[in-house]
Protein chains: 2
Amino acid sequence: MAAVDLTTHPGHLARRLQQAHTLLWNAMVSEEITSPQFAVMNAVTAEPGLDQRTVGERVSLDRSTVAEVVGRLIRRELLDKVRDPQDGRRYLLRLTEEGARVHRRLTLRAARMNQVLLAPLSSEEQGLFVDLIRRVSEAAEELRQPVQVPPRP
Amino acid sequence: MAAVDLTTHPGHLARRLQQAHTLLWNAMVSEEITSPQFAVMNAVTAEPGLDQRTVGERVSLDRSTVAEVVGRLIRRELLDKVRDPQDGRRYLLRLTEEGARVHRRLTLRAARMNQVLLAPLSSEEQGLFVDLIRRVSEAAEELRQPVQVPPRP
DNA sequence: GTGAATTAGTCAGGGCACTGATTATTTCTC
DNA sequence: GAGAAATAATCAGTGCCCTGACTAATTCAC
C-alpha cells in the first residue's frame with residue numbers, strides 16, 4: 001500500500017530511456033565502442049589536443065570516469081595521450097588514424113540509430129523532445145554550481 | 001573535424017538527464033538510498049512477496065542487478081528475503097518495518113524533488129515530457145523482445 | 001623568489017547495469 | 001516415474017559513474 005507510480009517519475013523514465021538507448025546502440029552502432037567512448041572520441045575530433053579535464057567538461061563526465069574511458073580507448077589504440085610540454089600536469093589527447101576512421105564510421109551509424117530511437121514520435125515531437133530534455137538537464141546542472149559569487153575586492 | 005553535435009543526440013541527453021537527476025536525488029531525497037533502491041522498495045510495497053525476477057520486470061532491471069540491489073537493502077535491514085515454500089527456486093521479498101517507514105518518508109521527498117526537476121517546464125510541457133520519454137523508451141524496449149511468434153501447432 | 005593556493009590526474013571504494021556460464025529446483029514429456 | 005527442458009538465482013567479468021583522498025606540477029601573493 002502507498003506505492004507510487006514510477007512511470008510518472010522522470011528520473012525513473014530517464015534510466016529506462018538510457019537502457020533503451022544502450023540496447024539500440026549495441027544493436028545498430030557498435031558492440032565494442034560504447035556511447036560514452038564515442039562521446040570522448042567526438043570531443044577530441046572537434047578539438048584535437050584537448051586535456052582530460054576539458055574532455056570531461058565537454059561530454060559531462062567527471063575526471064575519474066574520463067580517465068577510465070580514455071584508458072580503454074588507448075588500450076584499443078584509438079587514442080593517444082602525451083604530456084603537455086607547456087604544462088606538465090596535463091595530458092593532451094588525440095585520435096589515432098584508426099580512431100579517426102572508427103569515429104567517422106560510427107557517426108553515420110549513430111545518426112541512423114537516432115532516427116530509429118525517435119521514430120515513434122512525429123517530427124515536431126522529436127524536436128520538442130530533445131529541447132525539453134536539454135532544458136531540464138541544463139537547469140538541474142546549474143543547481144550544482146550556483147553561479148559563482150564574485151569574491152569581495 | 002567532422003565532429004557531431006551531441007546535444008542533438010537523445011542518448012547523450014538521456015545520460016545527462018540521469019546525472020542531473022542523481023544529483024538532485026542525493027541533495028533532496030536521500031544520500032543512503034539510491035533511486036533504483038527506492039524503485040525496488042516501491043515494487044515490493046505494491047506487491048509484497050514478489051520474487052526477484054518479477055521485481056526486475058517491474059522496475060526494469062536485469063536479474064544480476066536486482067540481486068545486488070536486494071543484497072544492499074537486506075544488509076541495511078530494509079528488506080527480508082525468504083525461500084518460497086511452494087517453489088524452492090524463488091525468494092520472496094518483503095519490506096521490514098523500518099523499510100516501510102523509509103519508503104514512506106522518501107515517497108514524499110521524491111515527489112518534491114520531481115517538482116524541482118521539472119520546474120523549468122510549464123505544466124503542459126511537464127505532462128508532454130513524461131509522455132514523450134515513456135513512448136520512446138517503451139518503443140525501444142519492444143525492439144528487444146519482438147512480440148513472441150507463437151510456435152506452430 | 002619562496003611558500004600557499006590551485007589545478008590535472010590517479011587511486012580506492014561504492015553503486016548501477018549488462019552478458020554468459022553455472023547451480024538448484026521445478027515442470028514438462030513420454 | 002525418469003530424463004529433458006525451463007526457470008530463479010548466483011557468480012565472474014566488463015564498463016559506466018561518482019566522491020574523497022592523494023600526488024605532482026603550476027600559478028599566485030607577498
Side-chain angles (χ1 to χ4, degrees), chain A residues 11-12 14-27 30-40 49-57 59-76 81-93 141 144 151, chain B residues 11-12 14-27 30-40 49-57 59-76 81-93 141 144 151:
Chain A
H12 184 249
R15 184 168 63 76
R16 285 181 49 199
L17 178 59
Q18 233 212 310
Q19 287 171 332
H21 169 257
T22 303
L23 211 65
L24 213 53
W25 179 280
N26 285 331
S30 172
E31 294 194 342
E32 283 84 41
I33 309 299
T34 66
S35 167
Q37 286 169 16
F38 176 76
V40 167
L50 231 47
D51 65 305
Q52 292 188 192
R53 193 196 67 76
T54 311
V55 166
E57 214 171 272
V59 302
S60 296
L61 285 179
D62 68 293
R63 38 197 169 57
S64 297
T65 307
V66 170
E68 284 185 33
V69 173
V70 162
R72 284 179 202 112
L73 290 173
I74 289 175
R75 244 197 292 126
R76 287 174 205 195
K81 170 173 156 178
V82 294
R83 279 276 183 202
D84 183 344
Q86 257 70 65
D87 184 342
R89 292 169 299 183
R90 283 191 179 81
Y91 285 105
L92 306 183
L93 303 175
E141 278 160 15
R144 193 178 184 40
Chain B
H12 184 249
R15 184 168 62 77
R16 286 182 48 199
L17 178 60
Q18 234 212 310
Q19 287 171 337
H21 170 257
T22 304
L23 212 64
L24 213 52
W25 180 279
N26 285 330
S30 172
E31 294 195 341
E32 283 83 42
I33 310 299
T34 65
S35 166
Q37 286 169 17
F38 176 77
V40 167
L50 232 47
D51 65 306
Q52 295 189 188
R53 193 196 68 75
T54 312
V55 166
E57 213 171 273
V59 302
S60 295
L61 286 179
D62 67 294
R63 38 194 169 53
S64 297
T65 305
V66 170
E68 286 185 31
V69 173
V70 162
R72 283 178 203 114
L73 291 172
I74 289 174
R75 243 195 294 127
R76 290 175 206 195
K81 170 172 155 178
V82 295
R83 279 273 182 206
D84 183 344
Q86 256 70 66
D87 184 342
R89 291 168 301 182
R90 284 192 178 79
Y91 285 105
L92 306 183
L93 303 175
E141 277 160 14
R144 193 176 184 43

Looking at D:dA8, I'd like to know if its phosphate oxygens (OP1 or OP2) sit under 4.0 Å from a side-chain N or O belonging to B:Lys81. no

In whole angstroms, how far is the P atom of D:dT26 from the CG atom of A:Asp51? 14 Å

Using atom OH of A:Tyr91 as one end and atom P of C:dG9 as the other, report the distance to the nearest whole Å. 9 Å

Could you tell me whether B:Val66 contacts a base, only the sugar-phosphate backbone, or nothing, with contacts defined as non-hydrogen atoms closer than 4.0 Å? nothing

Looking at C:dG20, does its base get a donor-acceptor pair with the side chain of B:Arg63 below 3.5 Å? yes

Pairwise 5' ranking along DNA chain D for A:Gln18 and A:Arg89, keeping only the more 5' one: A:Gln18

Below the 4.0 Å mark, does D:dC18 have OP1 or OP2 next to a side-chain nitrogen or oxygen of B:Arg15? no

Closer than 3.5 angstrom, by distance alone: can the side chain of A:Arg76 be matched with the main-chain N or O of A:Glu32 as a donor-acceptor pair? yes

With respect to the phosphate group of C:dG9, does any side-chain polar atom (N or O) of A:Arg90 fall under 4.0 Å of OP1 or OP2? no

So what does B:Arg16 touch, heavy atoms closer than 4.0 Å: a base, only the sugar-phosphate, or nothing? nothing

Want to settle it: does A:Ala67 or A:Gln19 sit nearer the 5' end of DNA chain C, counting the closest nucleotide to each? A:Ala67

Between P on C:dG9 and CD1 on A:Ile74, what's the gap in Å once rounded to a whole number? 11 Å

Using whole Å, report how far CD of B:Gln52 lies from C1' of D:dC11. 13 Å

Looking at every heavy atom in both B:Gln19 and A:Ser60, which two are closest together, and how far apart are they? NE2-O, 2.9 Å

Rounding to a whole Å, what distance do you find between B:Leu61:CG and C:dG15:P? 15 Å

Starting at the 5' end of DNA chain D, which residue's closest nucleotide do you reach first, A:Gly88 or A:Ser35? A:Ser35

Gap between atoms CD and C1', on B:Glu57 and D:dT7 respectively (whole Å): 13 Å

Roughly how many Å is it from CG in B:Asp84 to P in D:dA8, rounded to a whole number? 11 Å

Tightest non-hydrogen contact, residues A:Asp51 and A:Leu93, listed as C-CD1, 4.4 Å

Report which part of the nucleic acid B:Asp62 touches: base, sugar-phosphate, or nothing (heavy-atom distance under 4.0 Å, all strands). base

Closer than 3.5 angstrom, by distance alone: can the side chain of B:Arg16 be matched with the main-chain N or O of A:Glu141 as a donor-acceptor pair? no

Can you work out whether A:Glu68 or B:Thr65 has the more 5'-proximal nearest nucleotide on DNA chain C? A:Glu68

Could one point to a donor on the side chain of A:Ser64 or the base of D:dT19 with an acceptor on the other under 3.5 Å away? yes

Looking only at heavy atoms, the pair that brings B:Gln52 and B:Val70 closest together is OE1-CG1, 4.0 Å

Calculate the interatomic distance between A:Leu92 atom CG and C:dT7 atom P; express it in whole Å. 18 Å

